[in-house]
Protein chains: 2
Amino acid sequence: MSVADGAVRRSRAVAGEALRREAIEAAAELLVSAGPQALTMRRVATAIGASTTVLYTVFGGKDGVADALYREGFERLRARLEAVVAADPLVRLHELAHAYRRSALTDRSFYAVMFERAVPGYEPGPESLEVARASLAVLVDAVRDAMAAGLLGGDDPEPVARLLHAAAHGAVSLEISGHLEGEGALRCFRELTAAAFAASARPAAR
Amino acid sequence: MSVADGAVRRSRAVAGEALRREAIEAAAELLVSAGPQALTMRRVATAIGASTTVLYTVFGGKDGVADALYREGFERLRARLEAVVAADPLVRLHELAHAYRRSALTDRSFYAVMFERAVPGYEPGPESLEVARASLAVLVDAVRDAMAAGLLGGDDPEPVARLLHAAAHGAVSLEISGHLEGEGALRCFRELTAAAFAASARPAAR
DNA sequence: GAAGATCGATAACGTTGTTTTTTATTGGGA
DNA sequence: TCCCAATAAAAAACAACGTTATCGATCTTC
């Protein structure tokens, strides 16, 4: 319990953190390039030139890897949403919706980990769900701006953001599940998000 | 290639069909009672008192079992939707939406096979997707009735039914993924389906 | 410098989906 | 009636998976 001990513990911790990042990136690469099926402990281990044992000390098990990918996926989604810029709040909201769809269709395997249960045993705990929720803060902010500008009704942006999310998510989910074909998928997405916007614009009408 | 030969083949075919039904029911029981994780070829085989080999002759592999469960799930959903009766077309549509949600929340494991990709390797082929689409014919019929009664705009019920499905599905999917808590989940579902109804009522407004 | 602890690699275990081998059964011809 | 060929299921084997136990090696500390 000396100073050196603390330093050692810290150095090991940062080494472990570097290894953790490396493993997460390898796992993400595997996930994206070969799908959730290819995400095995052995493959991740060999991808970082290590054995499976270290993955168990760092992640605890496959659930830990899945959890890291879950958060990584929402982190990437947040980056994509934050990249959306538009002066008009309503335009921004529309573009956020389309960014959400694009993100899901592009990173299908990540989406599968995040919203389908692509890693058999795993389901996110409360903390990971909170991370997921926080990554949609951009959406909440945009709704707040639109409310402040008088473009959306109401004063609590959270439930409205959830409604918009559910709208976008519903169309995207059906599209990914194969129930909507290319042309109709985009139209369904547009119509449903527009419907959610319209409903949010006049909350007294519900 | 005699007549007897045909009879034998037929008798073997009906025996295989009976076995198939038995296996599907055992698999469904396993799926519902213990989740997608517990759905293994060995367990299904022992549940029907047979060996795994027969499952491979009947279903071809685990994908075949998953496909059978996929169709079975949509069949059960259809039965639930068809059980909804209401004189007023709009009331009927609302109750169909709630029946959809109830069905998803009740048979979560089936829902996982149908809309999440709970069986790792499997994804439905075109024929199975068609079966799935057909099971929502009740919804299309109800939309058609509402249009005929002048309660919904437009003349093509299919895209409107898809919109309503996407609305209900979006809220349910987020709820099942853990992103909506009990109280807010139902409210989000109600608001989104209401928004879809409202948008369908005046299609010129979009 | 030596004792002790800690961490990672190797190897093993149990289980999975799938395939191969073997065994039993069954229909058809001499 | 008896035997053979074909067929289907059972038993066993195989590769790969998640996970855990064993065993060196390295590194801190006295």
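Just so it is clear: chains get the letters A, B, ... in the order the sequence lines come, proteins before strands, and each one is counted from 1.
In this structure, A/Met41 places its CE atom 13 Å from P of C/dA9, rounding to the nearest Å. Protein atom CD of B/Gln37 is 16 Å distant from nucleotide atom P of D/dC17, rounded to whole Å. We find that OH of B/Tyr56 is positioned 7 Å from P of C/dT19, with the value rounded to whole Å. Following rounding to the nearest Å, B/Leu39 (CG) and C/dT16 (C1') show an atom-to-atom distance of 12 Å. Separating the CZ atom of B/Phe59 from the C1' atom of C/dG17 is a distance of 15 Å, rounded to the nearest angstrom. One can place NZ of B/Lys62 at 8 Å from P of C/dT18, the figure rounded to the nearest angstrom.
Listed pair B/Thr57 / D/dA9 meets the phosphate criterion, a side-chain N or O lying under 4.0 Å from OP1 or OP2.
No more than 12 heavy atoms of other residues, nucleotides or ligands shown are found within 6.0 angstrom of CD on B/Glu181.
Relative ring orientation between A/Phe74 and B/His179 is described as tilted, the plane-to-plane angle lying within the 30° to 60° band. Ring planes of B/His169 and B/Phe115: tilted class, angle from 30 to 60°.
Evaluation of the salt bridge (Lys or Arg N to Asp or Glu O under 4.0 Å) test over residues 129-140 of chain B, restricted to residues two or more places apart or in two chains, returns B/Glu130-B/Arg133, B/Arg133-B/Glu158.
Nucleic acid contact class of A/Leu55 (heavy atoms, under 4.0 Å, all strands): none. At a threshold of 4.0 angstrom between heavy atoms, the contacts of B/Thr53 include nucleobase atoms, whether or not backbone atoms are also involved. Nucleic acid contact for A/Gly61: sugar-phosphate only, since backbone atoms but no base atoms lie under 4.0 Å from a heavy atom of the residue.
Looking at which nucleotide of DNA chain D each of B/Arg42 and A/Arg43 is closest to, the 5′-most match is held by B/Arg42.
Here C/dG17 is the nucleotide among C/dG17, C/dA11, C/dG8 with the atom lying nearest to any side-chain atom of B/Thr40.
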